[in-house]
Amino acid sequence: MTAIVETVDGDATTYDTTFDDKLADNTQVQNSIARYLKSKTGSDVRAVECTGIQKFAINATRTCTAIETNGARWEVEHYLTNLDGSASVTLKDTLLYAKSVESTVADLARNLSQHYGLAANDLNGFLASKGTCENMLRGTPGDSVQCKAILADHSTTDVTVRTTKSEDGKIYFELFPNNAHDLSMSGWQIADPS
């Protein structure tokens with residue numbers, strides 16, 4: 001930063017300040033983060049809050065918080081990878097992508113189908129059991145995501161998947177039908193790369 005004294009009037013001094021380094025365009029950084037997060041979560045981003053400044057230089061980084069319209073907050077790192085403004089964005093949270101969570105919800109759907117006698121010796125019905133989730137599961141204990149379990153008879157039930165702990169690159173969780181907590185399961189998966 002260069003500061004040049006413009007005027008001195010008694011105790012008051014006026015400066016003209018300029019940054020010597022070129023800075024990354026804040027709007028471009030925010031838009032890049034919003035696009036990246038939408039591609040990962042499917043949710044719209046309401047705001048991106050960044051503190052400090054980011055030099056316009058290869059490998060310059062900046063930490064920001066993206067806030068989705070549903071209120072979810074994500075800490076991200078923004079890395080400039082090229083001087084054309086190209087960047088890499090990385091989520092700082094350990095997480096499981098929605099597809100990873102859906103595979104576990106599908107297991108619960110198969111267990112529920114068997115429990116309710118919907119898939120007894122019926123391979124097609126058993127294979128019809130699926131899970132759908134609209135968002136990722138964070139590795140922060142207590143965080144949860146809502147999903148749907150599709151049972152063998154194509155009926156659905158709402159399911160909560162909740163993180164219980166995260167360690168050694170693994171996310172441990174419990175999942176249960178919202179209307180039958182006693183039919184819960186637990187498990188773990190290796191965290192997905194962000």
Side-chain angles (χ1 to χ4, degrees), residues 24-52 54 61-80 85-109 111-112 129-151 154-167 169-194:
D25 180 276
N26 198 44
T27 301
Q28 189 175 0
V29 169
Q30 291 170 330
N31 289 340
S32 173
I33 291 169
R35 280 191 308 275
Y36 171 82
L37 192 58
K38 182 168 176 105
S39 76
K40 295 293 183 188
T41 68
S43 296
D44 290 323
V45 174
R46 175 173 37 101
V48 177
E49 300 169 349
C50 300
T51 56
Q54 183 176 14
T61 63
R62 189 173 194 186
T63 300
C64 301
T65 301
I67 306 163
E68 294 178 322
T69 53
N70 64 10
R73 299 173 70 85
W74 296 90
E75 298 298 315
V76 298
E77 286 283 336
H78 183 269
Y79 299 89
L80 285 175
S86 300
S88 171
V89 178
T90 305
L91 291 168
K92 294 182 80 173
D93 297 290
T94 56
L95 55 92
L96 292 174
Y97 293 138
K99 291 291 180 201
S100 297
V101 179
E102 287 173 353
S103 67
T104 302
V105 173
D107 291 340
L108 178 63
N111 289 349
L112 292 172
S129 301
K130 297 179 182 149
T132 62
C133 303
E134 293 185 13
N135 213 332
M136 299 183 278
L137 178 65
R138 294 179 208 243
T140 306
D143 277 5
S144 64
V145 63
Q146 293 300 307
C147 302
K148 285 204 181 293
I150 303 167
L151 307 185
H154 303 287
S155 63
T156 63
T157 189
D158 293 330
V159 172
T160 297
V161 183
R162 182 178 301 128
T163 301
T164 56
K165 73 178 180 174
S166 178
E167 67 182 26
K170 298 174 187 168
I171 296 177
Y172 296 80
F173 51 83
E174 63 178 346
L175 62 159
F176 50 85
N178 293 352
N179 61 353
H181 290 237
D182 58 320
L183 298 176
S184 67
M185 286 177 45
S186 60
W188 63 269
Q189 287 190 25
I190 295 174
D192 288 319
S194 63

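Values reported hereafter were calculated over all heavy atoms of this structure, with side chains retained and with hydrogens, waters and symmetry mates removed. Keep in mind it's a predicted model, so treat the numbers as computed, not measured.
In this structure the side chain of Q189 never reaches within 4.5 angstrom of the side chain of I171, judged on heavy atoms. Annotation: side chain of M136 is not in contact with side chain of L96 (no heavy-atom distance under 4.5 Å). When side chains are defined from C-beta on, T104 counts as touching F173, because their heavy atoms get closer than 4.5 Å. The shortest side-chain heavy-atom distance between Y172 and E167 falls under the 4.5 Å cut-off. At a threshold of 4.5 Å between non-hydrogen side-chain atoms, the residues P177 and L108 count as touching. Using a 4.5 Å cut-off on side-chain heavy atoms (C-beta onward), R73 and E49 make contact.
In the model, T163 has no side-chain atom that pairs as donor or acceptor with a side-chain atom of D143 under 3.5 Å.
E68 meets the salt bridge (charged side-chain N to carboxylate O under 4.0 Å, His left out) test with no other residue; sequence neighbours excluded. Residues that satisfy the side chain to side chain donor-acceptor pair (under 3.5 Å) test with T65, not counting sequence neighbours, are E75. Scored by the side chain to side chain donor-acceptor pair (under 3.5 Å) test, T94 finds S166 as partners (sequence neighbours excluded).
Minimum heavy-atom separation, S103 to S100: OG-O, 2.7 Å. Taking all atoms of both residues into account, the shortest heavy-atom contact from L37 to A66 is CD2-CB, 3.5 Å.
Atom-to-atom distance recorded for R162:CZ and T140:OG1 is 13.5 Å, nearest 0.5 angstrom.
Judged by distance alone, with hydrogens and angles left aside, the side-chain atoms of N178 form a donor-acceptor pair with the main-chain N or O of T160 at under 3.5 Å.
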